[in-house]
Undergrad: 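Starting off with a structure, shown below.
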Amino acid sequence: MKKQGFWALSLVEMKNKLPSLFSFPMDELGEYFVEKGFPKFAAKQIFNWLYQNWEHDPENWSNVSKKVKEHLKENMTIDLPKVVWHGLSKDGTRKFLIGMHDGRTVETVAIAARDRLTLCISSQVGCAIGCTFCHTGTMGLTRHLDASEIVGQFVAVTKWLHENVSLDTRLSNIVYMGQGEPLHNFENVKKATQIFLEQNGLGLGQRKVTLSTSGLVPQIEKLWDFPPVNIAISLHAAHNDIRTELMPINKAYDLDRLFAAIRSIPLKAHRHITYEYILIDNYNDRQEDIDGLISLLNKKESKVNIIPFNEYPGSDFKRPSDKKIKWFQDALMKAGLICTIRATKGDDILAACGQLKSMEDKLNLWHGEEV
Ligand code: SF4
């Protein structure tokens, strides 16, 4: 990877923790400039360079004043996280291991489907939620990512695609379904989302961004203070006993509390909440699970996304047969629910949440396969 212009910093310098330019939503950057005696419009100019022209060397920002550039040079960094490993699946899914300034890594996956190229991004290093079907859940939480590290995944992957695939490649959608529980890192994920939606920057539409949560009730109740993007809830069970086994968070916030919080989400007309449901053979794929979902979900506002379990070496759970998956879907649709089956993408590079990270030591990716 190329160094990032004249602001490339050493690890020692990074420890001084200058804020990153990639962590500022445009309005906040404008306010910062006004406070420092610079014109507010410099924020718009810089957003244009960073996110529309993909020009990250300030020396080439021809319309930004020298004084602003000098101020930024002394007070901020413009370094990006780094793509340290890349894997291409037979189905076109690309998995990236992204290295942060402190040597920590997270995974980011680019999934091509129809006319979309969706980036599945991480919000934390590890995760505190501990879902039993998830490799990341076994790692525990190491730390939150800051907004620049979340936005940085999008920018670093875009630059990698421009350099290695085609200059026309454009990521069109974002899902917060990589490592971490995004609502556990509320403020950083909120800022990153504001940056993704900014019209003078990446300009992604609200419907192109999906926030996925395991069901952190206090933060769901704060969603009135979050940009109005799509919401996905990792439900995975319609009964408390099974959900608690799969997701220990259900002990703290059971289905009654979760659905009371969901009802508080400000939802515009004709918008849905997506319920993710990992379907596991002989476990949560029974008639009583179908009945439970039908009684829990509001038919007008709910969409169920069935995810057949993605088996990995040593997993206790199994994927149901295709016939069983179809039977489950049909029963929900007959009851009036919108229900889709997510194609399992990237099986051959372990694209399910957390799976690459846990293989990292085995494959010695950080040192052995740097790109
Ligand atoms: S599924 Fe998501 S919320 Fe659950 S442990 Fe894995 S990363 Fe965390």
Side-chain angles (χ1 to χ4, degrees), residues 2-9 13-14 16-81 101 119 121 123 145-163 167-174 176 185-209 211 224-229:
K2 258 192 330 198
K3 292 255 182 204
Q4 303 301 325
F6 62 82
W7 287 345
L9 297 180
E13 285 169 310
M14 287 298 288
N16 292 335
K17 283 209 177 288
L18 290 176
S20 167
L21 197 48
F22 289 104
S23 66
F24 284 82
M26 197 180 84
D27 287 350
E28 213 177 287
L29 189 60
E31 281 162 25
Y32 172 86
F33 283 143
V34 170
E35 209 177 280
K36 300 291 175 194
F38 299 116
K40 195 174 182 183
F41 65 75
K44 191 174 168 191
Q45 293 172 324
I46 289 171
F47 257 64
N48 214 266
W49 285 114
L50 292 179
Y51 302 114
Q52 292 188 337
N53 295 318
W54 301 103
E55 177 52 70
H56 298 148
D57 185 347
E59 283 170 351
N60 297 327
W61 297 350
S62 51
N63 60 352
V64 178
S65 80
K66 211 172 156 196
K67 280 188 177 164
V68 168
K69 287 194 249 188
E70 273 165 11
H71 176 86
L72 291 176
K73 187 179 172 184
E74 279 163 23
N75 294 283
M76 289 195 199
T77 72
I78 195 173
D79 286 19
L80 281 169
H101 67 84
L119 195 67
I121 53 183
S123 54
L145 296 181
D146 76 18
S148 69
E149 293 171 316
I150 299 169
V151 173
Q153 293 169 63
F154 188 99
V155 177
V157 169
T158 299
K159 289 189 80 159
W160 190 94
L161 292 168
H162 286 174
E163 285 165 17
L167 268 178
D168 299 333
T169 314
R170 190 171 181 273
L171 296 164
S172 61
N173 293 60
I174 289 174
Y176 285 103
N185 188 11
F186 192 95
E187 288 305 325
N188 285 311
V189 171
K190 179 179 156 187
K191 272 190 190 189
T193 304
Q194 288 167 337
I195 295 168
F196 290 137
L197 299 184
E198 175 53 54
Q199 283 306 312
N200 295 290
L202 295 169
L204 292 171
Q206 291 166 358
R207 291 187 181 213
K208 305 277 183 186
V209 179
L211 179 72
W224 57 267
D225 187 29
F226 199 92
V229 295

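Residues: numbered from 1 along the sequence shown.
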Undergrad: Do Leu18 and Met76 make a side-chain contact, defined as non-hydrogen atoms from C-beta onward lying under 4.5 Å apart?
TA: no

Undergrad: Do you know the tightest heavy-atom contact between Gly152 and Pro81?
TA: CA-CD, 3.7 Å

Undergrad: One pair to check against side chain to side chain donor-acceptor pair (under 3.5 Å): Trp49 and Asn60. What are the steps and the verdict?
TA: CA-CA 9 Å; Trp49 285 114; Asn60 297 327; over 6 Å; no

Undergrad: Give me the ring orientation class for His56 and Phe22: parallel if the planes are under 30° apart, tilted from 30 to 60°, perpendicular past 60°.
TA: perpendicular

Undergrad: About how many Å separate CD1 of Ile78 and CG of Leu50, when rounded to the nearest 0.5 Å?
TA: 5.0 Å

Undergrad: Only counting residues at least two apart or in another chain, list the ones meeting ring pair (Phe, Tyr, Trp, His ring centres under 6.0 Å) with Tyr32.
TA: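 Tyr32: ring pair (Phe, Tyr, Trp, His ring centres under 6.0 Å) contacts with Phe24, His71.
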
Undergrad: Taking atom types as modelled and ignoring hydrogens, do the side chains of Trp61 and Asn53 form a donor-acceptor contact shorter than 3.5 angstrom?
TA: no

Undergrad: Identify the heavy atoms of Ser23 and Ile195 that sit nearest to each other, and give their distance.
TA: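 Closest pair (atom of Ser23, atom of Ile195, distance): C-CD1, 3.9 Å.
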
Undergrad: Are any non-hydrogen side-chain atoms of Asn48 and Asn63 less than 4.5 angstrom apart?
TA: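 Side-chain contact under 4.5 Å: no.
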
Undergrad: Check whether any side-chain heavy atom of Ser20 sits under 4.5 Å from a side-chain heavy atom of Thr77, and report yes or no.
TA: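 Yes. Closest side-chain heavy atoms under 4.5 Å.
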
Undergrad: Could you grab the distance from atom OH of Tyr51 to atom CD of Glu198, nearest 0.5 Å is fine?
TA: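 Spacing of OH (Tyr51) from CD (Glu198) equals 10.0 Å.
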
Undergrad: Rounded to the nearest 0.5 Å, how far apart are CG of Leu80 and NZ of Lys159?
TA: 6.0 Å

Undergrad: Just by distance, do the side chain of Gln206 and the backbone of Val229 share a donor-acceptor pair under 3.5 Å?
TA: no

Undergrad: For residues Leu171 and Leu204, report the shortest heavy-atom separation together with the two atoms involved.
TA: O-CD2, 4.1 Å

Undergrad: With side chains defined as the heavy atoms from C-beta onward, is the minimum distance between Leu72 and Leu21 less than 4.5 Å?
TA: yes

Undergrad: Evaluate the criterion side-chain contact (heavy atoms from CB on, under 4.5 Å) for residue pair Leu211 and Val189; output intermediate values, then yes/no.
TA: CA-CA 9 Å; Leu211 179 72; Val189 171; 3.9 Å; yes

Undergrad: Would you say Asn200's side chain and Phe47's backbone share a donor-acceptor pair under 3.5 angstrom?
TA: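 Checked: no pair found.
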
Undergrad: Starting at NZ of Lys36, measure out to CD of Glu31 and round the result to the nearest 0.5 Å.
TA: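 Taking NZ in Lys36 and CD in Glu31, the distance rounds to 13.0 Å.
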
Undergrad: To the closest 0.5 Å, what do you measure between OG (Ser123) and CD (Glu149)?
TA: 11.5 Å

Undergrad: Would Ile121 and Val157 satisfy side-chain contact (heavy atoms from CB on, under 4.5 Å), going step by step from the backbone distance to the final call?
TA: CA-CA 10 Å; Ile121 53 183; Val157 169; over 6 Å; no

Undergrad: Which salt bridge (Lys or Arg N to Asp or Glu O under 4.0 Å) pairs, counting each pair once, include a residue from residues 187-196, with sequence neighbours left out?
TA: Glu28-Lys191, Lys190-Asp225

Undergrad: Got a second to check how far Met26's CE is from Gln45's CD, nearest 0.5 Å?
TA: 11.0 Å

Undergrad: Taking the inter-plane angle between the rings of Phe33 and Phe38 on a 0 to 90° scale, is it parallel (under 30°), tilted (30 to 60°) or perpendicular (over 60°)?
TA: perpendicular

